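Read through the structure below, which is laid out as structure tokens, and then see the notes.
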Amino acid sequence: MPNNTQETNRLKSVMLSAIRSTLLTIAGLLMLTLIAGCATKADYNYVNEAKKYGNKGFAEILNGDGTLAKNNFHRSTQILSSGVKEHALKAHNRARWQSGFNNAFSVAAQVGLAVAAAKSSTSANQQQSNAIKNSYMQASDQLAQINSMMSNEIRKSQMGIVDSRTRSVDHNVWRAAVISDHPISNSVVRVRTDSGSCTGFFIQPRVVATAAHCFSNLEQPWVEHDNLSSAESFIKGKVMHNPVVSKIRHQLYENSANCNSISIEGKCVTYDIAFLVTKYASTGVSHLPVLSRESKQRNVLFNIGYSGDLNNGFYKRIDYGCSASSEEHYSNALLSYDCASAGGNSGGPVLAVVTKGSGIHAGVVGVHSSAKNDLDARMAGRAFAVYLGMGKDIYRAIVEANPGSGNPALLDNL
């Protein structure tokens, strides 16, 4: 007959085997619950739908139909707005369901282990009961760890979406969100520093134009591209980082003793222009064509930028249908125009829609420098942009210092 030690070991082995099987079953069910409840790519379909209308908007600009272009941009914004609201609600409900399911399994598992331990203890002596109790306590601790792990994963994967990753869409009478991978949109990027962010745009595959006030000589900026190849990555704010290998600001922006235009905080807006050379080419090697300052006259204008007053600048914004001011102040250096803009738009492109031959084209005439002081009325306030030609000398200098980054003569005739 087996002695007490042998019997204790046998019972302990049986109990541990049962506990392991129970833990594996519960862990598997909890993992299935987590996977089944996680967000799927289908949750982000609204981004692709919004992108479709954003691309149509740019196509209609180049077709010469401004009304249809604006309608498409605003339709894109509406789809995005309703999509993120529905996404947030689904994520919130999913997180609650997952947590409840996880907790229910944990309670059931604890009860099951307690019942198994009680049955195993029947007719057992004190030594055997102690061995069973120890096995039960170990299994309970393991189950608690699994439960905690699952709960943390649920909170990270779901509540993170609810609290910060889905993006509400602020509305504005003039500006629509830009959800598009059209070459015009791909050319416009965010310019970052440790102290803030602006807008910039590629005028060559590796050369970005922006405003001089967007970074100091002591700061090292970098460029961020929206990642619309993945709708989920876009909504979660996973941008493509592009290092800057060379930078140049107009030397007269801070050092012009006789500023012939507007001076803001001692800085001369006339020379508020800078260029960056990036390590990598723009998305799709997209870049905006440049136009002369005369292109602003009698042509429709529009600007694109990361307006900080809407969604903290998360989305690009477009204001299509602007025009140059009838007052031609500082005409040799600055463009005065009536597009809506705000902090974050600085460094973004001001584009004109022009007819060339039998086609319609959109190209850059200036770099946005200062914002309007009234965003509610088209004619109230005034925005200023620096003509690209004001930076022709520093553009040539940076391109020649970085062979292969662009055409040194690009701005010579502006």
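The model shown is predicted, which means the values in this text are computed figures rather than measured ones.
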Discussion item. Does atom CD (Glu219) have a neighbourhood of more than 12 heavy atoms from anything else shown, all under 6.0 Å?
Written reply: yes
Practice prompt. Show your working on side chain to side chain contact (heavy atoms under 4.5 Å, CB included) between Leu388 and Tyr395 and close with a plain yes or no.
Written response: CA-CA 9 Å; Leu388 277 174; Tyr395 167 81; over 6 Å; no
Worksheet item: Taking Glu224 as the fixed residue, which of Lys238, Lys316, Arg192 is the one that meets the salt bridge (charged side-chain N to carboxylate O under 4.0 Å, His left out) rule?
Response: Arg192
Item to complete: Could you pull out the closest heavy-atom pair between Ser323 and Asp338, with the gap in Å?
Response: N-OD1, 2.9 Å
Fill in: Distance (rounded to the nearest 0.5 Å) between Leu291 CG and His361 NE2
9.5 Å
Item to complete: Specify the closest pair of heavy atoms between Pro205 and Val285, including all atoms of both residues, with the distance to one decimal.
Response: CB-CG1, 3.5 Å
Worksheet item: Short question: side chain of Arg175, backbone of Asp319 - any donor-acceptor pair under 3.5 Å?
Response: no
Practice prompt. Can you label the angle between the Phe234 ring and the Tyr315 ring as parallel, tilted or perpendicular, going by 30° and 60°?
Written response: tilted
Worksheet item: Are any non-hydrogen side-chain atoms of Leu228 and Ile179 less than 4.5 angstrom apart?
Response: yes
Practice prompt. Measure across Val300 and Gly321 and return the closest heavy-atom pair with its distance rounded to 0.1 Å.
Written response: CG1-CA, 3.7 Å
Worksheet, complete the sentence: Distance col, row Asp181:CG vs Lys52:NZ, nearest 0.5 angstrom, shows 13.5 Å
Discussion item. Tell me whether Asp65 contacts the main-chain N or O of Leu68 through its side chain, where contact means a donor paired with an acceptor under 3.5 Å.
Written reply: yes
Item to complete: Look only at the side chain of Lys392 and the backbone of Asp412, and say whether a donor-acceptor pair between them is shorter than 3.5 Å.
Response: yes
Worksheet item: Can you say whether the rings of Tyr253 and His213 are parallel (under 30°), tilted (30 to 60°) or perpendicular (over 60°)?
Response: tilted
Response to the item:
When every non-hydrogen atom of Ile61 is compared with those of Ala69, the smallest separation belongs to CG1-CB, 3.7 Å
Worksheet item: Just by distance, do the side chain of Ser185 and the backbone of Ser180 share a donor-acceptor pair under 3.5 Å?
Response: yes
Practice prompt. Verify, without hydrogens or angle tests, whether Ser307 (side chain) and Ala342 (backbone) share a donor-acceptor contact under 3.5 angstrom.
Written response: no
Response to the item:
Here the pair of heavy atoms bringing Phe314 nearest to Arg190 is O-NH2, 3.2 Å
Practice prompt. Output the distance between atom CZ (Arg396) and atom CG (Leu410), rounded to the nearest 0.5 Å.
Written response: 10.0 Å
Practice prompt. Side-chain contact test, heavy atoms from C-beta onward, threshold under 4.5 Å: evaluate it for Asn345 versus Arg317 and give yes or no.
Written response: no
Worksheet item: Which heavy atom of Ala324 sits nearest a heavy atom of Leu335, and at what distance?
Response: CB-CD1, 3.8 Å
Worksheet item: Any side-chain heavy atom of Thr278 within less than 4.5 Å of one from Val208?
Response: yes
Discussion item. Is the shortest side-chain heavy-atom distance between Val223 and Tyr280 below 4.5 Å?
Written reply: no
Discussion item. How long is the straight-line distance from NZ of Lys247 back to CD1 of Ile398, given to the nearest 0.5 Å?
Written reply: 10.0 Å
Item to complete: Any chance you could lay out the side chain to side chain contact (heavy atoms under 4.5 Å, CB included) test for Leu334 and Val386, step after step, and finish with the verdict?
Response: CA-CA 5 Å; Leu334 295 177; Val386 180; 3.7 Å; yes
Worksheet item: Is the closest side-chain heavy-atom distance between Phe302 and Ile318 below 4.5 Å?
Response: yes
Worksheet item: Side chain of Asn303, backbone of Val350: donor and acceptor closer than 3.5 Å?
Response: no
Practice prompt. Could you grab the distance from atom OG of Ser216 to atom CZ of Arg249, nearest 0.5 Å is fine?
Written response: 6.5 Å
Fill in: Side chain Thr199, main chain Tyr306, donor-acceptor under 3.5 Å
yes
Discussion item. Cation-pi check for Tyr53 against Lys56: NZ or CZ below 6.0 Å from the six-membered ring centre and within 45 degrees of the axis, yes or no?
Written reply: yes
Worksheet item: Distance-only, no hydrogens or angles: does the Ser76 side chain make a donor-acceptor pair with backbone N or O of Asn72 under 3.5 Å?
Response: no
Item to complete: Go through the steps to decide whether Ser81 and Lys85 satisfy the test side chain to side chain contact (heavy atoms under 4.5 Å, CB included), and finish with yes or no.
Response: CA-CA 6 Å; Ser81 178; Lys85 289 177 182 177; 3.9 Å; yes
Discussion item. Nearest 0.5 angstrom please: Leu276 CG to Ser405 OG, how far?
Written reply: 11.5 Å
Fill in: Side chain proximity check, Val365 to Tyr337, heavy atoms < 4.5 angstrom
no
Fill in: Gln220 side chain vs Val244 backbone, donor-acceptor pair below 3.5 Å
yes
Practice prompt. Apply side chain to side chain contact (heavy atoms under 4.5 Å, CB included) to the pair Asn299 and Val353, showing each step before the final yes or no.
Written response: CA-CA 6 Å; Asn299 289 311; Val353 181; 5.7 Å; no
Discussion item. Quick check: do Val277 and Phe275 have side-chain heavy atoms less than 4.5 Å from each other?
Written reply: no
Worksheet item: Pick one: which of Val399, Val245, Asn242 meets side chain to side chain contact (heavy atoms under 4.5 Å, CB included) with Arg206?
Response: Val245
Discussion item. Side chains of Tyr46 and Glu86, heavy atoms from C-beta outward: is any pair under 4.5 Å?
Written reply: no
Worksheet item: Can we call the ring centroids of His368 and Phe201 under 6.0 Å apart?
Response: no
